[in-house]
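Atoms considered below: every heavy atom in the structure, side chains included; atoms not considered: hydrogens, waters and symmetry mates.
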Amino acid sequence: MEEIRKDPLFTLQVAATGMHLSPEFGLTYRTIEQDDFAIDAKVEMLLSSDTPVGIAKSIGLGVSGFSDVFHALKPDLLLVLGDRFEIFAAAQAALVARIPVAHIAGGDTTEGAFDEAIRHSITKMAHLHFVTNEASAKRVRQMGEDPAHIYDVGSPGIDVIRRIEPLEREELEKKLGFIFRKRNLLVTFHPVTLDSLAEAQCQELLNALDSYGTDFGVIFTKPNADTQGRAIAQMVEQYVAARPHAKVFTSLGQRFYLSVVALVDAVVGNSSSGLYEVPSFKKPTVNIGDRQKGRLQATSVINCRPEAKDIVRAIDRAFSMDCSNAVNPYGNGDSAGKIAAALRAIPDYSALLKKRFFDIDL
């Protein structure tokens with residue numbers, strides 16, 4: 001966003017939606033504004049429900065809301081990142097509005113979540129593909145996309161690490177109201193959307209954490225708005241309420257989150273950040289279950305089953321692991337500049353609309 005805003009060729013328009021507008025998830029649109037970005041449109045689409053029916057209705061509201069926004073703002077190009085259902089709604093509205101789509105982080109695989117299907121669907125609706133690694137670029141080519149419009153740029157999340165100055169321990173403790181112990185963990189556990197056992201898996205994680213006692217500090221960030229997310233959030237809140245060495249945050253925000261990563265001994269859970277950003281800190285990630293299965297991983301990532309004994313073994317291994325030589329496979333933090341350069345080099349976005357399928361020789 002910053003690269004686009006500072007370029008005189010572009011006019012940046014920002015639409016905020018989903019969890020950014022929800023009090024339940026921290027009203028994080030305010031963070032966008034605090035970073036000095038004007039929000040041109042807000043698309044209210046998130047129902048207070050994380051059932052399959054609620055999520056499907058939220059997608060429908062998103063398509064309707066983004067249709068109005070695109071009609072009003074008339075963008076020349078829609079730039080989206082990732083695989084969430086909110087982004088899926090935006091891409092659908094852009095498709096029928098004849099607005100070309102540039103998609104960041106397509107081509108990845110995550111076999112344990114319906115994000116997999118959403119991500120690939122967005123790829124087929126998109127015209128420019130900014131992938132995070134060569135394996136993903138190959139998959140996008142396999143889906144028949146124009147090789148000339150597939151760019152291996154790495155992950156923009158690493159750009160953020162390079163640009164943000166982390167807080168020192170004393171200041172972070174004061175602002176978070178949390179005292180770091182001798183050993184500390186950062187935990188984020190999201191629903192596994194293709195599995196109905198999210199609560200049982202979360203309980204296995206909590207049981208594993210209990211085996212370490214009160215000498216270990218544990219910081220939780222709440223799960224997202226996917227199916228069963230609210231049930232997991234409630235379980236974490238109840239867990240933290242009875243344990244003074246643990247604390248939960250609705251949203252830490254980028255600077256606080258990355259500052260915590262820099263201080264803890266390991267990151268635990270099933271969030272993509274454990275694979276995308278954490279390896280750049282030379283810290284181990286305990287990746288639980290199938291939610292990120294198939295995604296490219298650094299040597300600092302330890303995979304385990306969603307069972308308490310296996311999680312404990314993985315955390316123990318993380319505590320003794322030397323990650324100093326770990327290399328982040330998602331780039332070195334120059335993604336934003338590469339994306340902006342590619343966008344500048346295209347003279348006419350409207351010419352992208354008529355796509356053809358590029359067959360490959362299998």
Side-chain angles (χ1 to χ4, degrees), residues 1-18 20 28-43 66 69-84 86-87 90-91 93-95 97-107 122-123 125-134 136-137 140 145-165 253-255 258 276-277 280 328 330-355:
M1 289 166 62
E2 180 59 38
E3 289 289 332
I4 292 171
R5 179 170 64 174
K6 73 182 185 182
D7 193 316
L9 182 64
F10 301 127
T11 297
L12 177 68
Q13 298 172 320
V14 179
T17 189
H20 282 304
T28 50
Y29 78 88
R30 295 171 177 169
T31 304
I32 302 171
E33 295 176 333
Q34 289 166 5
D35 285 343
D36 200 29
F37 288 97
I39 296 177
D40 297 273
K42 296 177 180 177
V43 180
F66 276 108
V69 167
F70 295 154
H71 179 72
L73 296 182
K74 296 179 172 54
D76 298 294
L77 182 79
L78 172 67
L79 179 64
V80 296
L81 183 150
D83 47 34
R84 291 208 39 83
E86 298 93 337
I87 302 305
L95 175 70
R98 296 189 296 276
I99 298 170
V101 175
H103 181 212
I104 302 172
I122 295 173
T123 290
M125 290 186 279
H127 306 81
L128 301 174
H129 309 278
F130 298 111
V131 301
T132 63
N133 61 87
E134 176 52 36
S136 292
V140 173
E145 296 302 299
D146 186 348
H149 293 152
I150 303 171
Y151 309 85
D152 183 357
V153 299
S155 171
I158 304 174
D159 293 38
V160 179
I161 296 172
R162 292 181 58 178
R163 296 178 185 217
I164 286 182
E165 183 70 27
Q254 286 180 328
R255 190 181 186 197
L258 296 176
Y276 273 135
E277 287 91 31
S280 292
N328 194 324
Y330 294 101
N332 56 13
D334 58 353
S335 300
K338 291 179 179 178
I339 292 170
L343 295 176
R344 281 194 299 270
I346 297 173
D348 181 12
Y349 293 143
S350 63
L352 299 169
L353 285 171
K354 293 184 178 180
K355 291 171 52 174

Can you find a pair of side-chain heavy atoms, one from [X] and one from [Y], that are under 4.5 Å apart?
X      : Y      : result
His149 : Leu352 : yes
Ile158 : Ser335 : no
Ile99  : Leu77  : no
Tyr330 : Asn133 : yes
Leu95  : Val101 : no

Check: [X] side chain, [Y] main-chain N or O, donor-acceptor pair, under 3.5 Å:
X      : Y      : value
Asn328 : Tyr276 : yes
Asp159 : Ala336 : yes
Arg98  : Ser350 : no
His127 : Pro100 : no
Asp152 : Glu134 : yes

Compare every heavy atom of [Y] with every heavy atom of [X], then report the nearest pair and how far apart it is.
X      : Y      : result
Pro156 : Ile339 : CG-CD1, 4.3 Å
Ala90  : Leu78  : O-CD2, 3.8 Å
Val131 : Ser136 : CB-CB, 4.1 Å

- Message: With a 6.0 Å cut-off (strictly less than), is the heavy-atom count around NZ of Lys354, excluding the residue itself, greater than 12?
- Response: no
- Message: One pair to check against side chain to side chain contact (heavy atoms under 4.5 Å, CB included): Leu81 and Ile87. What are the steps and the verdict?
- Response: CA-CA 8 Å; Leu81 183 150; Ile87 302 305; over 6 Å; no
When rounded to the nearest 0.5 angstrom, what is the spacing between [atom1] in [X] and [atom2] in [Y]?
X      : Y      : atom1 : atom2 : answer
Gln254 : Ile164 : CD    : CD1   : 4.5 Å
Ile32  : Asp35  : CD1   : CG    : 8.5 Å
Arg255 : Gln34  : CZ    : CD    : 12.5 Å
Ile122 : His129 : CD1   : NE2   : 11.5 Å
Asp76  : Asp348 : CG    : CG    : 9.0 Å

- Can Leu128 and Ile150 be said to form a side chain to side chain contact (heavy atoms under 4.5 Å, CB included), step by step? CA-CA 6 Å; Leu128 301 174; Ile150 303 171; over 6 Å; no
- Pair Glu145-Lys355, side chain to side chain contact (heavy atoms under 4.5 Å, CB included): steps then yes or no: CA-CA 8 Å; Glu145 296 302 299; Lys355 291 171 52 174; 2.8 Å; yes
- Query: Name the one of Leu79, Asp83, Thr123 that satisfies side chain to side chain contact (heavy atoms under 4.5 Å, CB included) with His103?
  - Reply: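 By the side chain to side chain contact (heavy atoms under 4.5 Å, CB included) criterion, His103 pairs with just one of Leu79, Asp83, Thr123: Thr123.
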- Message: Looking at Asp7 and Arg344, is there a salt bridge between them, counting it only when a charged N and a carboxylate O are closer than 4.0 Å?
- Response: yes
- Task: Before accepting this row, confirm whether a basic side-chain N of the pair Glu3/Arg163 lies closer than 4.0 Å to the acidic partner's carboxylate O.
- Result: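 Yes, this pair counts.
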- Report the residues that fulfil ring pair (Phe, Tyr, Trp, His ring centres under 6.0 Å) with Tyr349, sequence neighbours left out, ordered by chain and then residue number.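 Applying ring pair (Phe, Tyr, Trp, His ring centres under 6.0 Å) to Tyr349 gives none.
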- Residues in ring pair (Phe, Tyr, Trp, His ring centres under 6.0 Å) contact with Phe70, at least two apart in sequence or another chain: Phe66
- Message: Applying side chain to side chain contact (heavy atoms under 4.5 Å, CB included) to Ser280 and Arg162, what does each step give before you reach the verdict?
- Response: CA-CA 10 Å; Ser280 292; Arg162 292 181 58 178; over 6 Å; no
- Task: With sequence neighbours excluded, tell me which residues meet side-chain contact (heavy atoms from CB on, under 4.5 Å) with Arg5.
- Result: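 Testing Arg5 for side-chain contact (heavy atoms from CB on, under 4.5 Å), a comparison that skips the adjacent residues, returns Glu2, Leu12, Asp36, Phe37.
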- Message: Would Lys42 pass as a cation-pi partner of Tyr29, given that its NZ or CZ must be under 6.0 Å from the six-membered ring centre and within 45 degrees of the axis?
- Response: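 The answer is yes, since Lys42 meets both limits relative to Tyr29.
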